[in-house]
Enquirer: 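I have a structure here, written as structure tokens, and I will follow up with some questions on it.
Scope of the values below: all heavy atoms of this structure, side chains included, with no hydrogens, waters or symmetry mates. Numbering of ligands and ligand atoms starts at 1, following listing order.
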Amino acid sequence: MGLKVPFVTGYLTEHFGDDAFPTLEGYRAKGGYEAARKALGSMTPDEVIELMKTAGLQGRGGAGFVTGLKWSFMPKKGDKPRYIACNADESEPGSFKDRILLERGAHQMLEGILIGAWAMQAEKTFIYVRGEYAHPAACVQRAIDECYAAGILGANCLGTGFRHDVVLTRGAGAYICGEETGLLESLEGKKGQPRKKPPFPAEYGAFGMPTTVNNVETFSHVPHIVAKGADWFRGFGTEKSPGTTIFGVSGHVARPGLFELPLGTRLDEIVFQHAGGVPNGRKVKGVIPGGMSMPILPAGQLDVAMANEFLRERKTMLGTGGIMVMDDTTCMVRASCVITYFFRDESCGQCTQCREGTGWLHKLVTRIERGAGSIEDIEILADVTSKMEGQTICAFADAAAWPVQGMLRHFREDFELHVEHKKCPFPESFEL
Ligand SMILES: Cc1cc2nc3c(=O)[nH]c(=O)nc-3n(C[C@H](O)[C@H](O)[C@H](O)COP(=O)(O)O)c2cc1C
Ligand code: SF4
């Protein structure tokens, strides 16, 4: 039922093989909640925020925004209650790292939330869990219940007099509810349609109150930073992208699974060494480095450090660290059919460029895949993606356009061969 413990563990996951660790007793046996005791007992909220800024932790939900900076945006004055939303929607295809953190490390995440709540003087956290994650949601609820029973959450957190409540809510299976303002709408019981910004959630968030949204993994790093310090944290990863992350590797590899490694680990090391390379004597054709919305890299460009500052040079990004490997039997037009089908289905429909654009992308790649496309269709495909970027209420439309742009940048020949042969020239590729 649960996900397999990562093949390579680090500070986030080192105890995940211990069956007691998900329980409060097991977590406390490894020093759990000592960091929260330190923060709430001996640090001011501003000191915690400064520590997070110095550590340089970047959000692990996809956009990579600096966490300490985001926390500093929370208004300090005013009589409105301040809220936190923990984003556990994890719907990006190819991403499954938050699931293990919910199943095996719920207390670690809750401790990070409690520290964040102290830093931002927030009175309540909503944990928004993806609808399909029934088991992870049950694991988190059990951990919340244990915290209330032990006085870690509630009216007098850890005996410090600070009040903080945590409520778990479940989504209903829509990708767009992972976008932070779509999440807030859904949380309020409305259709999960992203909001226009400004106002940003720090000003007008859940139920109109100032709210900070952070990802599950982001919160999970926090207790370690408080316990061991910013310098320790900066000892992992690159100068601009410190810390570890949990890479999820799927597709054509011998050992699909999770690997906690420092940011900046090379993509070819992850694919060939940790995940065991491509089975059946085949070669890599392309790798999506960060979940399905991130542009693909061809086999010749896997010598890249997995951190945004390096990936951007190759016109892609870290995203959620979900690495999807495709071998040399793969038809990239078919892969594009799968990708565009997903985005067409998941668009919330508010913006014309997104609603119509995702439909056009899917129609065009399907036509090319069937052998009924023309060279002009390939040009139109590229043109439609350029009209979707940076035009819409949320970044979903960009996320739908980028993977197609990546396919055209590196595998245009696959598209042209379909036009030339009037059929798919990759008979060994996966079936649609
Ligand atoms: C279409 C779309 C889907 C998203 N899905 C998720 C998600 O499932 N989980 C997540 O943490 N962030 C997701 N995000 C990013 C969130 O909007 C937000 O940036 C993030 O939760 C902030 O947390 P962080 O700063 O800790 O990374 C998504 C963004 C977009 C545009
Ligand atoms: S970009 Fe797409 S998903 Fe985002 S608000 Fe517009 S229509 Fe909805």
Enquirer: Whether the side chain of Gln405 engages the backbone of Pro295 through a donor-acceptor N/O pair (distance < 3.5 Å, no angle test) should be reported.
Expert: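 No, because the side chain of Gln405 does not come within donor-acceptor range (under 3.5 Å) of the backbone of Pro295.
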Enquirer: Below 4.0 Å from any atom of ligand 1, is there a heavy atom belonging to Lys70?
Expert: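 For ligand 1, residue contact (heavy atoms, under 4.0 Å) with Lys70 is present.
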Enquirer: Which ligand 1 atoms are under 4.0 Å away from a heavy-atom of Asn214?
Expert: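 This gives 23 (O), 24 (P), 25 (O), 26 (O) as the contact atoms.
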Enquirer: Between Glu180 and ligand 1, find which residue part has any heavy-atom pair under 4.0 Å and reply side chain, backbone, both or neither.
Expert: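 Both of them.
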Enquirer: What residue and atom, counting heavy atoms only, is the protein's closest point to atom 23 (O) of ligand 1, and at what distance?
Expert: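 It is Asn215 N, 3.3 Å.
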Enquirer: So is there a nitrogen or oxygen of Asn87 less than 3.5 Å from a nitrogen or oxygen in ligand 1?
Expert: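 Checking ligand 1 against Asn87, an N or O pair does fall under 3.5 Å apart.
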Enquirer: Identify the closest protein heavy atom to atom 15 (C) of ligand 1: which residue and atom is it, and at what distance?
Expert: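 Result for atom 15 (C) of ligand 1: Gly61 O, 3.9 Å.
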Enquirer: Could you pull out, from Glu179, Glu346, His221, the option with a heavy atom nearest to atom 29 (C) of ligand 1?
Expert: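 Considering heavy atoms of Glu179, Glu346, His221, the nearest to atom 29 (C) of ligand 1 sits in Glu179.
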Enquirer: Does a side-chain heavy-atom distance below 4.5 Å link Leu110 with Ile127?
Expert: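 SC-SC contact between Leu110 and Ile127 confirmed.
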Enquirer: So, the side chain of Glu90 versus the backbone of Arg99: is there a donor-acceptor pair under 3.5 Å, distance only?
Expert: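 Side chain of Glu90 to backbone of Arg99, a donor-acceptor pair under 3.5 Å: yes, one is there.
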Enquirer: Do Arg130 and Tyr133 form a cation-pi contact, if we require the NZ or CZ to be under 6.0 Å from the six-membered ring centre and within 45 degrees of the ring's axis?
Expert: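 Relative to the ring axis of Tyr133, which defines the angle, Arg130 lies inside both limits.
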Enquirer: Heavy atom of Ala399 under 4.0 Å from ligand 1?
Expert: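 Under 4.0 Å: no for Ala399.
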Enquirer: By number and element, which atoms of ligand 1 are closer than 4.0 Å to a non-hydrogen atom of Arg60?
Expert: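 Here the atoms of ligand 1 in question are 26 (O), 27 (O).
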Enquirer: Measure the acute angle between the ring planes of Phe236 and Trp232, then classify it against the limits of 30° and 60° as parallel, tilted or perpendicular.
Expert: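 Because their plane-to-plane angle is over 60°, the rings of Phe236 and Trp232 count as perpendicular.
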Enquirer: Give the atoms of ligand 1, by number and element, whose distance to some non-hydrogen atom of Gly59 is under 4.0 Å.
Expert: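 Here the atoms of ligand 1 in question are 24 (P), 25 (O), 26 (O), 27 (O).
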Enquirer: Counting only N and O atoms by type, is there a donor-acceptor contact under 3.5 Å from the side chain of Arg60 to the main-chain atoms of Gln58?
Expert: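 Present.
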Enquirer: For atom 2 (Fe) of ligand 2, which protein N/O/S atoms are closer than 2.8 Å?
Expert: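 N, O, S partners closer than 2.8 Å: Cys354 SG.
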Enquirer: Name every donor-acceptor pair, under 3.5 Å, that has one atom in a side chain of residues 12-22 and the other anywhere in the protein, sequence neighbours excluded.
Expert:
from  : atom 1 : to     : atom 2 : distance (Å)
Thr13 : OG1    : Gly10  : N      : 3.2
Thr13 : OG1    : Glu260 : OE1    : 2.6
Asp18 : OD1    : Ala20  : N      : 2.9
Asp19 : OD1    : Arg104 : NH2    : 3.0

Enquirer: Under a 4.0 Å N-O cut-off, is there an ion pair linking Arg334 with Asp414?
Expert: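 Between Asp414 and Arg334 there is no salt bridge, as every charged N stays at least 4.0 Å from the carboxylate O atoms.
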Enquirer: Taking only heavy atoms of Ser91 into account, list the atoms of ligand 1 that are under 4.0 Å away from them.
Expert: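 Near Ser91, the atoms of ligand 1 are 8 (O).
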Enquirer: Is it the case that ligand 1 has an N or O less than 3.5 angstrom from some N or O of Tyr175?
Expert: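 Between Tyr175 and ligand 1, no N or O pair is found under 3.5 Å apart.
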Enquirer: Distance under 4.0 Å to a non-hydrogen atom of Asp89: what atoms of ligand 1 satisfy this?
Expert: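 Per the distance check, 8 (O).
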Enquirer: Mark yes or no for whether Gln273, through its side chain, and Ile270, through its backbone, hold a donor-acceptor pair below 3.5 Å.
Expert: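 Not at all, since once roles are kept as given, no pair shorter than 3.5 Å links the two residues.
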Enquirer: Among all protein heavy atoms, pick out the one at the shortest distance from atom 26 (O) of ligand 1; state its residue, atom name and that distance to 0.1 Å.
Expert: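 Answer, as residue, atom name and distance: Thr218 OG1, 2.7 Å.
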Enquirer: For atom 6 (C) of ligand 1, what's the nearest protein heavy-atom neighbour? Residue, atom name and distance, please.
Expert: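 Going by distance alone, atom 6 (C) of ligand 1 is nearest to Gly178 O, 3.3 Å.
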Enquirer: Indicate yes or no for a side-chain donor-acceptor contact from Asp145 to the backbone of Arg142 under 3.5 Å, with no hydrogens or angles considered.
Expert: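 No: the side chain of Asp145 does not pair with the backbone of Arg142.
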Enquirer: Do any N or O atoms from the side chain of Asp303 and from the backbone of Asp268 form a donor-acceptor pair under 3.5 angstrom?
Expert: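 A pair under 3.5 Å: no.
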Enquirer: I need the nearest protein heavy-atom contact for atom 8 (O) of ligand 1: residue, atom name and distance, please.
Expert: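 The protein heavy atom lying closest is Glu90 N, 3.1 Å.
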Enquirer: For the CZ atom on Phe7, are there more than 12 heavy atoms of other groups (residues, nucleotides or ligands in this structure) within a distance under 6.0 Å?
Expert: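 It does: Phe7 CZ has more than 12 such atoms within range.
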Enquirer: State the atoms of ligand 1, each with its element, that fall below the 4.0 Å cut-off from a heavy-atom position in Val213.
Expert: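 Answer for ligand 1: 21 (O), 22 (C), 23 (O).
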Enquirer: Ring-plane angle category for Tyr33 and His107, please: parallel below 30°, perpendicular beyond 60°, tilted otherwise.
Expert: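 Taking His107 first and then Tyr33, their aromatic rings stand perpendicular (interplane angle over 60°).
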Enquirer: For Ser91 and Asp89, test the side chains for any donor-to-acceptor distance below 3.5 angstrom and give the result as yes or no.
Expert: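 Yes.
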